Amino acid sequence: MSEQSKGYKARAQALVSKMTLEEKALLLSGNGSWTTHKIDRLGLPSIMMTDGPHGLRKATGPSTADSVPATCFPTASALASSWDPELIRQVGVALARESQANDVQILLGPGINMKRSPLGGRNFEYFSEDPILAGRLAAAYIQGVQSEGVGTSLKHFAVNNQEFERMVNSSNLDERTLHEIYLPAFEISVTQAQPWSVMCAYNKINGVYASENPLLLEDILRKAWGFEGFVVSDWGAVHDRAQGVMAGLNLEMPGSGDVNRKKIIEAVNAGKLPVARLDEVVASLVAVVLKAAESRRTGTRFDVDQHHALARQVAGESIILLKNDDHILPLDAGGKKKIALIGAFAKEPRYQGAGSSQVNPARISNAHDELVAILGGSERIGYASGYDFEGVTSAELLEEARQQARHADVAIVFAGLPDSHESEGFDRPNLDMPEGHNQLIDAVSQVQPNTVVVLMNGSAISMPWVGRVKGILEGWLTGQAGGGAIADILTGKVNPSAKLQETFPVRTEDTPTAIEFPGLNQQAYYGEGVFIGYRYYDKKKIAPLFPFGFGLSYTTFDYSEMTLSASSIQDTGSLTVQVKVKNTGKVAGKEIVQLYVREEVPAVSRPEKELKAFAKVALAPGEEKTVSFTLSPRDFSYYNAHLHRWAVNPGRFDILAGGSSRDLPLSKSVSVEAQVAVSTLTRESMVKEFRDHPKGKAFYSRLTSIIMGGSSEEPGTVKRTLQEERARKKAEMSTLVFVNDMPAYKLIAFSEGKFTEQMLNDILAQVQ
Ligand code: BGC
């Protein structure tokens with residue numbers, strides 16, 4: 001714990017020691033929807049927390065649409081496509097300044113749940129299907145916000161991956177999947193950035209509500225990761241309040257009047273909730289309230305124009321060029337070519353999601369007006385709306401679009417998901433865009449060979465028309481300045497440099513949870529285990545529409561020369577990996593270099609490869625840079641559910657590098673030797689476990705020879721036919737297979753007592 005945190009904790013404890021039971025219970029529930037209670041008698045102020053995550057939503061009325069004007073940045077799926085922690089840190093700084101200017105102490109975000117299925121209704125608000133990418137970006141966001149004296153609330157902890165029945169659903173999963181997929185992003189964020197608060201999820205995890213879950217809130221969050229802040233319930237996630245306090249849930253939001261306050265008091269009076277536990281839970285909250293109140297910077301102002309410019313820059317770094325046949329993009333800004341802009345999103349963009357994250361934008365730009373401004377006059381630009389706000393088209397609208405497309409040199413169709421198709425509160429039934437959008441793209445591409453599609457959606461969609469258009473830009477939900485950013489990319493003012501943070505599958509049926517998502521009867525079974533996102537498509541050898549990590553540029557990059565700091569390391573050591581990347585095109589650009597690790601012969605079923613590191617590198621034409629990464633033991637580990645911890649299975653690992661999960665031109669392998677035992681050998685351990693154990697391996701041949709027997713024959717002295725020799729080898733192999741899977745103590749009976757209990761105990765004593 002930092003000295004500063006210790007100071008606040010000590011002051012909080014002193015205050016708690018002066019509180020009555022009623023005051024303690026009062027503090028543990030909010031005062032209305034957005035603030036904590038104050039205690040004037042003790043000089044304890046109230047603090048305010050508001051949504052989040054990609055803009056400030058300080059409510060001015062009961063509807064989510066009623067809030068103060070604020071800069072609406074691109075949503076998380078867009079932000080994450082930048083793969084740029086520094087940029088996201090800057091967004092955090094801007095968000096914090098707007099919070100300070102509005103006297104808000106905690107911003108409710110970032111949201112970092114894994115995109116288990118591309119159909120998750122809130123995927124637009126989450127970073128990635130990969131825990132490392134999500135964790136590193138979330139840590140940067142938190143550091144940015146908190147550097148300006150505003151807290152964050154990391155949400156939704158944990159395993160909150162669907163909207164269907166979100167308040168009651170139980171996410172049922174095995175221990176290894178929990179630790180390898182659903183916890184690491186939280187772990188990275190907490191250990192690297194210490195958010196002031198963590199928001200527990202609505203759902204249950206294996207039958208226990210997140211808001212009452214001691215394993216998550218106490219053992220993992222506080223004890224294992226050293227979390228110093230307070231846990232707040234998602235809005236309305238509290239069930240048994242006293243149970244929640246016992247588990248470590250500090251604050252109930254929104255307030256429940258005196259309903260749950262009374263329950264806490266009753267539980268204490270009935271001896272069911274120890275006062276010491278209550279004090280501890282109140283003190284963690286009070287410590288942050290003190291820090292937050294003292295971090296207020298009254299009089300803060302922010303520059304609306306500057307934040308709009310930042311939002312435009314960030315959107316430009318988040319828009320992905322998915323297809324660019326015949327170099328259809330960038331458009332020739334100075335030329336004379338006529339351009340048809342088709343689709344209502346060109347003028348009325350979909351730029352953010354719906355639900356608690358809905359921001360009242362300070363301003364909105366649209367691609368149509370921005371392109372008119374850049375291309376100099378509307379005579380070059382035609383427009384047809386193509387569909388209504390629900391995405392429904394008609395024969396008339398399609399004909400109008402065809403007319404515009406025919407009379408232009410290039411048609412740019414704006415399409416995606418309307419608000420009604422994607423929101424907090426429900427999941428999508430499939431990957432499809434509205435039929436009207438698909439029909440519009442078909443109609444336009446039939447009459448105009450130079451068709452480009454610009455997409456506005458918060459999560460993966462299917463593209464039945466992918467082969468019929470020359471260019472595709474995935475714009476995501478670009479935030480308020482997205483119109484300008486799209487124009488920047490279309491005209492080449494900005495070279496696209498973003499890559500997919502989630503896989504785009506071809507069909508809904510191809511997805512990891514296709515058989516059952518989002519579950520039924522309040523139960524979701526995570527049967528796909530650790531295989532979500534690219535981990536699944538790789539393992540099943542399913543070709544995605546566009547793979548994780550993919551994105552094009554207006555320039556090209558070449559990878560060469562991977563060097564490893566060693567060819568063999570201990571499982572306690574680290575490995576430095578260097579790769580060279582060169583801009584081989586004519587314009588400056590940025591490449592996202594990705595590093596994956598694959599275990600050659602894993603002890604458990606592992607993904608074909610997993611992302612472990614990445615870096616975004618700016619390169620002038622012809623420039624080459626060396627990018628360096630350091631891999632730690634954890635990067636080679638899997639979560640061993642028997643040991644209940646991370647462990648390295650000794651053996652060979654491939655290090656793969658390149659520009660997308662399906663384009664990794666560089667690879668080398670390293671052998672990792674065991675220092676740390678991945679298992680504890682007991683009399684029940686199988687013989688093969690001795691072979692794979694750093695100390696046990698010395699006894700392996702002794703154990704196998706008990707059954708295999710040592711041959712006394714001199715090699716070559718007994719003459720056998722080829723067939724006899726083969727039969728003998730086959731028998732030996734079968735016996736070895738049999739012995740390997742035998743528990744060690746069985747050797748005593750099989751050897752008819754020649755191998756004794758004492759001998760086994762001696763071996764076990766030496767391998768501990
Ligand atoms: C959402 C949270 C949000 C909270 C407050 C909940 O319904 O799940 O993400 O921060 O409301 O608006």
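Both counts, for ligands and for their atoms, begin at 1 and track the order of listing. Predicted, not measured: the structure shown is a model, and the values here were computed from it.
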Among all protein heavy atoms, pick out the one at the shortest distance from atom 1 (C) of ligand 1; state its residue, atom name and that distance to 0.1 Å. D234 OD1, 3.2 Å
Under 4.0 Å to a heavy atom of R166 - the qualifying atoms of ligand 1, by number: 7 (O), 8 (O)
Those atoms of ligand 1 less than 4.0 Å from some heavy atom in R57: 12 (O)
Can E125 and N113 be counted as having a side-chain donor-acceptor contact under 3.5 angstrom? no
Between S459 and R428, do the side chains contain a donor N or O and an acceptor N or O under 3.5 Å apart? yes
Looking only at distances, please establish whether an N/O atom of ligand 1 is found under 3.5 Å from an N/O atom of W34. no
If you count the atoms of ligand 1 from 1 in the order shown, which ones are under 4.0 Å from a heavy atom of K155? 2 (C), 3 (C), 9 (O), 10 (O)
Return the residue, atom name and 0.1 Å-rounded distance of the protein heavy atom closest to atom 10 (O) of ligand 1. D51 OD1, 2.6 Å
Under 4.0 Å from any heavy atom of R122, which atoms of ligand 1 are there? 1 (C), 2 (C), 8 (O), 9 (O)
Tell me the protein heavy atom at minimum distance from atom 7 (O) of ligand 1, and give that distance in Å. Y202 OH, 2.8 Å
Pull out every atom of ligand 1 sitting under 4.0 Å from any heavy atom of S356, numbered as shown with elements. 1 (C), 2 (C), 3 (C), 9 (O), 12 (O)
Can you check side-chain hydrogen bond (donor to acceptor under 3.5 Å, both in side chains) on N160 and N203, steps first, answer last? CA-CA 6 Å; N160 180 234; N203 52 282; 3.0 Å; yes
Compute the minimum heavy-atom distance from E424 to ligand 1 and say whether it is under 4.0 Å. yes
Donor on one side chain, acceptor on other, S128 and Q501, under 3.5 Å: no
Passes salt bridge (Lys or Arg N to Asp or Glu O under 4.0 Å), E129 versus R535? Steps please. CA-CA 9 Å; E129 66 187 25; R535 291 165 167 82; over 6 Å; no
What atoms of ligand 1 come within less than 4.0 Å of a heavy atom belonging to H156? 2 (C), 8 (O), 9 (O)
Check against salt bridge (Lys or Arg N to Asp or Glu O under 4.0 Å), R116 and E528: CA-CA 9 Å; R116 176 181 173 231; E528 72 288 349; 2.6 Å; yes
With respect to W476, which candidate in S81, S318, S77 satisfies the side chain to side chain donor-acceptor pair (under 3.5 Å) definition? S81
Verify ring pair (Phe, Tyr, Trp, His ring centres under 6.0 Å) between W83 and F548, making sure each step is shown before the conclusion. CA-CA 12 Å; W83 294 58; F548 175 81; 5.5 Å; yes
May I ask you to list the atoms of ligand 1 that are less than 4.0 angstrom from any heavy atom of M199? 10 (O)
